[in-house]
Amino acid sequence: MSLFVGDDTPPTRTQTSDIHVRSISPLPNPCTIIKEMPLGDDRAQLVSRSRDEVRAVLNGDDDRLVVVVGPCSVHDTEAALDYASRLAVEAEKHRDDLLVVMRMYFEKPRTTVGWKGLINDPGMDETYDIPRGLRLARSVLLGVLDAGLPVGCEFLEPTSPQYIADTVTWGAIGARTTESQVHRQLASGLSMPIGFKNATDGNVQVAIDGCRAARSAQVFFGSDPDGHAALVSTTGNPDTHVILRGGRKGPNYAADNIADAVKLLAKAGLPQSLMVDASHANSGKSHIRQAEVATEVAAMVADGNAGISGVMLESFLVAGRQEPGPGELVYGQSVTDACMDFATTATVLDTLASAVRSRRQRLA
Ligand SMILES: O=C[C@H](O)[C@H](O)COP(=O)(O)O
Ligand SMILES: C=C(OP(=O)(O)O)C(=O)O
């Protein structure tokens, strides 16, 4: 049902609002969708346990690496579940060295315009069936938890976490929103560890500022589980960290970049550990380069670099990328940034796991 439907008649001189709004329609409230697809006790235990494990790695109490790995965006739930079943085998194989979290991104921040992800436009056909997108996202999240994997998401729309955040082990605030007060407030109330990306221009200090702001108590506009406008008051999220993703001037994953970032973290009184995103501006969005970057990061870990507590990888079943759209698509290939294929990903995971074992020996 549409609450407001504009027409094409030009606004009168006394109409001062909704001049550029075509329509406003209600969405199902979070309670309704959660009741349709409850998390349940077994999955909740996996989420709680894996959040604790991520916290332990970030705080240096667990010497593994958190590896957030999966497609740049989820567009096909069947392919995502297929990927999850294969990733679960690798996660189990490396469980002593790697804490594997499946990257499940449903909300894509765009530099200008483009497909904004499964929640916003699940048909990739500009019909913007957000209720369907929310249901699809929640159902595939539950499916991945059933495969035994914890999941990681970017949080972009300030009200979308109400629909899915109970299923999420680790979250990110992206490079385009890391300086946004709205997103820092949101992170202050989220229940899982949150990584702040450095800004697209490469500025790391804004991500550190984001971590500090999200660690503080905040009071802000939000919505309650029934979808009503609400005043939200948070205690602050103690589990925030920085993600180095490179910037317009180039990559920032080299040992001196990591040392500089760790110094800034120390100055800010934050834990001196961070995640390196091998994709985005660290690889120039090349999936081939991404595998090389991940191997270079592994070499730093093997050398004993204790500042690196996590790695992010963009990976899917088939290498590369294709344009999103409603027509026929290559099964298991990204419709946003180019991803490594599964075989390359498995090799990278082997390399990272071996690097963790070397670091463990070196620092023993
Ligand atoms: O991870 C995905 C993209 O890098 C990000 O959403 C920006 O994409 P765009 O520059 O193609 O809009
Ligand atoms: C958009 C993403 O990254 P960034 O915010 O670093 O561009 C992403 O990880 O999908």
Side-chain angles (χ1 to χ4, degrees), residues 66-75 80 83 101-121 124 126 137 151-157 160 164 168-180 182-184 186-187 193-211 214 240-253 257 261 274-287 289-290 293-294 297 310-316 320-325 333-340 345:
V66 174
V67 183
V68 178
V69 50
C72 178
S73 51
V74 174
H75 69 278
Y83 179 93
V101 175
M102 181 163 160
R103 189 185 143 109
M104 299 277 287
Y105 276 34
F106 301 106
E107 304 186 278
K108 297 307 297 174
R110 306 309 309 219
T111 304
T112 50
V113 289
W115 183 65
K116 290 192 283 187
L118 188 84
I119 290 180
N120 183 267
D121 189 14
M124 292 185 285
E126 300 181 8
V151 301
C153 288
E154 172 165 348
F155 292 111
L156 185 57
E157 294 286 351
S160 67
I164 57 171
V168 177
T169 288
W170 172 92
I173 301 298
R176 289 160 190 77
T177 46
T178 205
E179 203 166 5
S180 148
V182 172
H183 291 81
R184 292 169 172 189
L186 171 66
I194 295 287
F196 280 81
K197 295 256 188 128
N198 67 255
T200 53
D201 66 1
N203 187 323
V204 175
Q205 185 60 47
V206 293
I208 293 176
D209 295 344
C211 290
T240 60
H241 67 92
V242 164
I243 308 171
L244 296 181
R245 50 84 78 197
R248 271 193 284 279
K249 291 188 200 114
N252 62 2
Y253 66 87
N257 300 123
L274 49 79
M275 180 177 285
V276 178
D277 175 1
S279 187
H280 301 100
N282 272 335
S283 64
K285 291 195 179 184
S286 154
H287 60 287
R289 180 72 196 125
Q290 196 197 156
V293 171
V297 173
V311 175
M312 176 179 283
L313 304 169
E314 290 192 312
S315 141
F316 210 179
R321 71 173 299 279
Q322 61 191 324
E323 283 304 314
Q333 190 178 50
S334 175
V335 297
T336 47
D337 290 349
C339 290
M340 298 183 290
T345 305

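Heavy atoms only: backbone and side chains are in, while hydrogens, waters and symmetry mates are out. What you are looking at is a predicted structure, and each value in this text was computed from that prediction instead of being measured. First listed ligand is number 1; within each ligand, the first listed atom is number 1.
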**Message:** Between V335 and S73, is the side-chain contact (heavy atoms from CB on, under 4.5 Å) condition met? List the steps.
**Reply:** CA-CA 7 Å; V335 297; S73 51; 4.0 Å; yes

Identity and distance of the protein heavy atom lying nearest [atom]:
atom	value
atom 9 (P) of ligand 1	T111 OG1, 3.5 Å
atom 8 (C) of ligand 2	H280 NE2, 3.1 Å
atom 1 (C) of ligand 2	P109 CG, 3.6 Å
atom 6 (O) of ligand 1	P109 O, 2.5 Å
atom 8 (O) of ligand 1	K285 NZ, 3.6 Å

Under a 4.5 Å cut-off applied to non-hydrogen side-chain atoms, are [X] and [Y] in contact?
X	Y	answer
H280	T200	no
H75	P324	no
R321	D337	no

**Message:** List ligand 2 atoms under 4.0 Å from G174, heavy atoms only on the residue side.
**Reply:** 5 (O)

**Prompt:** Hey, which atoms in ligand 2 end up nearer than 4.0 Å to a heavy atom of Y105?
**Reply:** 8 (C), 9 (O), 10 (O)

**Request:** Evaluate side-chain contact (heavy atoms from CB on, under 4.5 Å) for R184 paired with F196, printing each intermediate quantity in order.
**Result:** CA-CA 9 Å; R184 292 169 172 189; F196 280 81; 3.9 Å; yes

Of the listed options [options], closest to [atom] (non-hydrogen atoms):
atom	options	value
atom 11 (O) of ligand 1	R110, H280, E107	R110
atom 10 (O) of ligand 2	E154, K108, M312	K108
atom 7 (C) of ligand 1	E314, K108, R176	R176
atom 2 (C) of ligand 1	V113, D337, T112, T336	D337

**Pair R103, S315: side-chain N/O donor-acceptor within cut-off below 3.5 Å** = no

**Message:** Does either side chain, that of S334 or that of E314, offer a donor lying less than 3.5 Å from an acceptor on the other one?
**Reply:** no

Does [X] reach ligand 2 with a nitrogen or oxygen that is under 3.5 Å from one of the ligand's nitrogen or oxygen atoms?
X	result
D277	no
R176	yes
A175	yes
K197	yes

**Message:** Test of understanding: given a 4.0 Å heavy-atom threshold, classify the contact between R103 and ligand 2 as side chain, backbone, both, or neither.
**Reply:** side chain

**Item:** Least distance between heavy atoms, V168 atom then I164 atom
**Value:** CG2-O, 3.6 Å

**Request:** Compare every heavy atom of P193 with every heavy atom of T169, then report the nearest pair and how far apart it is.
**Result:** O-CD, 3.3 Å

**Message:** So, regarding C72 and ligand 1 (criterion: nitrogen or oxygen to nitrogen or oxygen, under 3.5 Å), is there a contact or not?
**Reply:** no

**Item:** N252: which of D277, N257, N198 passes side chain to side chain donor-acceptor pair (under 3.5 Å)
**Value:** N198

**Message:** Can you confirm whether more than 12 heavy atoms, excluding those of Q205, are under 6.0 Å from its CD atom?
**Reply:** yes

